[in-house]
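The structure under discussion appears below in the form of C-alpha cells.
Convention: sequence-line order gives letters A, B, ...; per-chain numbering from 1.
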There are 2 protein chains.
Amino acid sequence: MLPLRAGLGTGCPGGGDALSTRRRGGVLESAIFTATLHELATAGYGAFSIEGVAATAGTGKSAIYRRWASKDELIAAALDATLPSLPEAPDTGSLRGDLLVIMRALGRLINSECGSAMRAILSNPADAEKLAVIKERVMVRRRQTMLDVVRRAVARGEARPDAVCRRVLETGPALAMHRYLSTGRPVSDAELIAIVDEILLPLIRA
Amino acid sequence: MLPLRAGLGTGCPGGGDALSTRRRGGVLESAIFTATLHELATAGYGAFSIEGVAATAGTGKSAIYRRWASKDELIAAALDATLPSLPEAPDTGSLRGDLLVIMRALGRLINSECGSAMRAILSNPADAEKLAVIKERVMVRRRQTMLDVVRRAVARGEARPDAVCRRVLETGPALAMHRYLSTGRPVSDAELIAIVDEILLPLIRA
DNA sequence: GAAATAGTGGACGGTTGCGTTTCTAATCGG
DNA sequence: CCGATTAGAAACGCAACCGTCCACTATTTC
C-alpha cells in the first residue's frame with residue numbers, strides 16, 4: 001500500500017530541495033479524509049479499520065484519535081468534508097439540456113471514490129446518522145435542483161404539471177444508481193443520455 | 001442471542017414427548033442458511049462472521065466448515081437456497097393490475113430478510129459471483145416478467161411500443177430499491193402503488 | 001445391538017485490529 | 001535559536017475471530 005503522501009518533496013538525502021517531511025493541520029486532515037473514503041470504498045463499512053486509514057494516509061493512529069473519537073465520527077467528518085455542495089440549477093434553455101447537466105454531475109459523483117464510499121454506507125444495516133448526511137448532501141438537495149428545472153419546464157410549456165412530484169424527481173438518480181449498483185461499473189455518459197431521452201423526457205412531458 | 005432451533009421438541013426431562021435434540025442434514029442446513037441471512041442483514045458483509053452464524057444457528061463451526069470452505073461459499077449457498085424462484089408473469093387483464101402484482105412481489109422480497117441480505121452484498125463490487133446470483137434471480141428474470149407484461153399491454157393497445165426497452169423495465173424496481181436504500185425502512189404498499197400510478201403508467205402509456 | 005456418521009462443545013495457535021501510551025522527531029512562530 | 005505543539009512510529013494488553021482439531025455423544029442404518 002503506497003501511502004497517500006502527495007505533495008511531499010523528493011526527500012533526497014542531502015538534496016537541495018528539502019521540503020517538509022510531515023504534514024500538519026488541514027493538509028493532514030485532507031489526506032486522512034481521502035484515505036477514509038478509500039478504505040470505505042475498498043473494505044466497505046464493516047471491515048473498515050482505523051489501522052487501514054492510518055496506513056493509507058501514511059500517518060499514525062494517534063493523529064487520528066486525537067481528532068476523532070471513533071470510526072463513525074471519522075467517517076461522518078470525511079463525508080461531510082468531501083461530498084459536493086449544492087449544485088446550481090442549470091438553465092440551458094431546454095429541459096433536455098438541463099436534465100443532462102444534472103445527470104452528468106450526478107454521474108461524476110457516482111463514479112468517483114465518493115460514489116463507492118456512499119455505496120458502502122447504503123449497503124450497511126440502517127444507521128440514521130450517516131444516511132442523513134448522504135440524504136441531505138446528495139439526494140434531497142439534488143432533488144431540489146431537479147425540481148427547479150422541472151418547474152421551469154412547466155412554465156415554458158415543456159412539461160406536464162403532474163411531473164412536479166417527488167417520485168418523478170427521484171427517477172433519474174434512482175436509475176443511475178441502480179445501474180451502478182447492479183453492474184459494479186461506472187455509469188457511462190451514454191447511459192446517462194439514454195436515461196434522459198428514454199425515461200425522463202417521456203415521463204416529464206407525457 | 002436466542003439460537004434458531006425452531007422445530008425442537010419440548011425437551012422435558014422425563015417427559016413423554018422425547019423428540020430429537022440434534023438437527024441433521026437438510027434441517028440443520030436450513031437453520032444455518034437462516035442464520036446466514038440474519039448475520040448478513042445485521043452485521044453486513046464486512047463484519048459477517050462464521051462465529052456469528054454458528055451462534056445464531058445454535059451449532060458448531062465444524063458443522064459449517066464441513067459443508068462450506070469459506071464465508072463466501074456459505075453466503076452464496078444461502079442466497080441460492082433462499083431467493084424465491086422465477087415469478088410467473090401475471091395476467092389480470094389490465095396493465096395496472098399486472099404492474100401492481102409484480103411490484104408487490106418485489107416489495108415482499110425487498111422487505112424480507114432476503115432484502116437486507118441482498119443489500120449487504122451490494123457493497124462489494126469485486127465479487128462477481130455473488131452479484132451474478134442476485135442479478136439473475138432478482139433483476140434479470142424480474143425484468144423478463146415485466147417484459148412479458150409490457151408486451152401484452154402493447155398488444156392490447158395500452159402501451160406505446162417504445163416502452164419495450166431495458167430502462168423502462170428497470171424503472172419500477174430501481175425506484176423501489178432506491179426508496180429502500182435511502183430510507184433504511186421497508187417499502188410501503190402505498191409507495192408501490194404510487195410508483196405504478198405516478199411513474200410506470202404514464203411512462204409506459206406516454 | 002453394533003457400526004458408521006456427524007453434531008456439539010470446547011480448546012488451540014495464530015492473526016488482526018482496537019484504543020491507549022510513550023518517545024523521538026519535525027514544524028511553527030516568536 | 002528556543003519553546004510549544006503535534007506528527008509519526010512503535011509497543012502494549014485485550015478482544016474477537018479464524019480455521020483446525022479432538023473427545024464425546026446423539027442419531028441413523030442395517
Closest-nucleotide 5' rank along DNA chain D - winner of B:I50 and A:L28
A:L28
Separation of D:dC18 C1' from B:E73 CD (nearest whole Å)
16 Å
Main-chain N/O of A:A89 paired with A:T145 side-chain donor or acceptor, under 3.5 Å
no
Side chain to side chain donor-acceptor pair (under 3.5 Å) between B:H38 and B:E113: does it pass, once the steps are laid out?
CA-CA 7 Å; B:H38 180 77; B:E113 203 148 46; 3.1 Å; yes
Could you tell me the separation between the CG atom of B:L74 and the P atom of D:dC18, rounded to a whole number of Å?
11 Å
Taking CZ from A:R22 and P from D:dG8, how many angstroms apart are they, rounded to a whole number?
6 Å
Within this structure, what is the CD1-to-P distance between B:I64 and C:dG7, rounded to whole angstrom?
11 Å
A:R167: which residues meet the salt bridge (charged side-chain N to carboxylate O under 4.0 Å, His left out) condition with it, sequence neighbours left out?
B:E191, B:E198
Atom pair distance, as rounded to whole Å: CD in A:E29 and P in D:dT6:
11 Å
Do the side chain of B:N111 and the main chain of B:V187 share a donor and acceptor less than 3.5 angstrom apart?
yes
Would you list the pairs meeting salt bridge (charged side-chain N to carboxylate O under 4.0 Å, His left out) in which at least one residue belongs to residues 26-38 of chain B, sequence neighbours left out?
B:E29-B:R67
Do the side chain of B:S112 and the main chain of B:L109 share a donor and acceptor less than 3.5 angstrom apart?
yes
Within the modelled atom types, does a donor on one side and an acceptor on the other bring the side chain of B:S62 and the base of C:dG9 under 3.5 Å apart?
yes
Axial bend angle, the helix from C:dG1-D:dC30 to C:dG30-D:dC1: five-pair end segments, nearest 10°
30°
Taking only side-chain N and O atoms of B:R24, does any of them lie within less than 4.0 angstrom of OP1 or OP2 on D:dT25?
no
Quick one: the side chain of A:S49 and the base of C:dT16, do they pair up donor-acceptor inside 3.5 Å?
no
Provide, to the nearest angstrom, the distance between the CZ atom belonging to A:R23 and the P atom belonging to D:dA7.
10 Å
Tell me what B:G25 touches on the nucleic acid: a base, only sugar-phosphate, or nothing, going by heavy atoms under 4.0 Å.
sugar-phosphate
Map A:K61 and A:R66 onto DNA chain C by nearest heavy atom, then report which one ends up closer to the 5' terminus.
A:K61
Integer-rounded Å distance: C:dC12 P and B:E51 CD:
15 Å
Can you spot which of B:V53, B:T36, B:D80 makes a side-chain contact (heavy atoms from CB on, under 4.5 Å) with B:I75?
B:T36
If I take atom NZ in residue B:K71 and atom P in nucleotide D:dC17, what distance separates them, rounded to the nearest angstrom?
11 Å
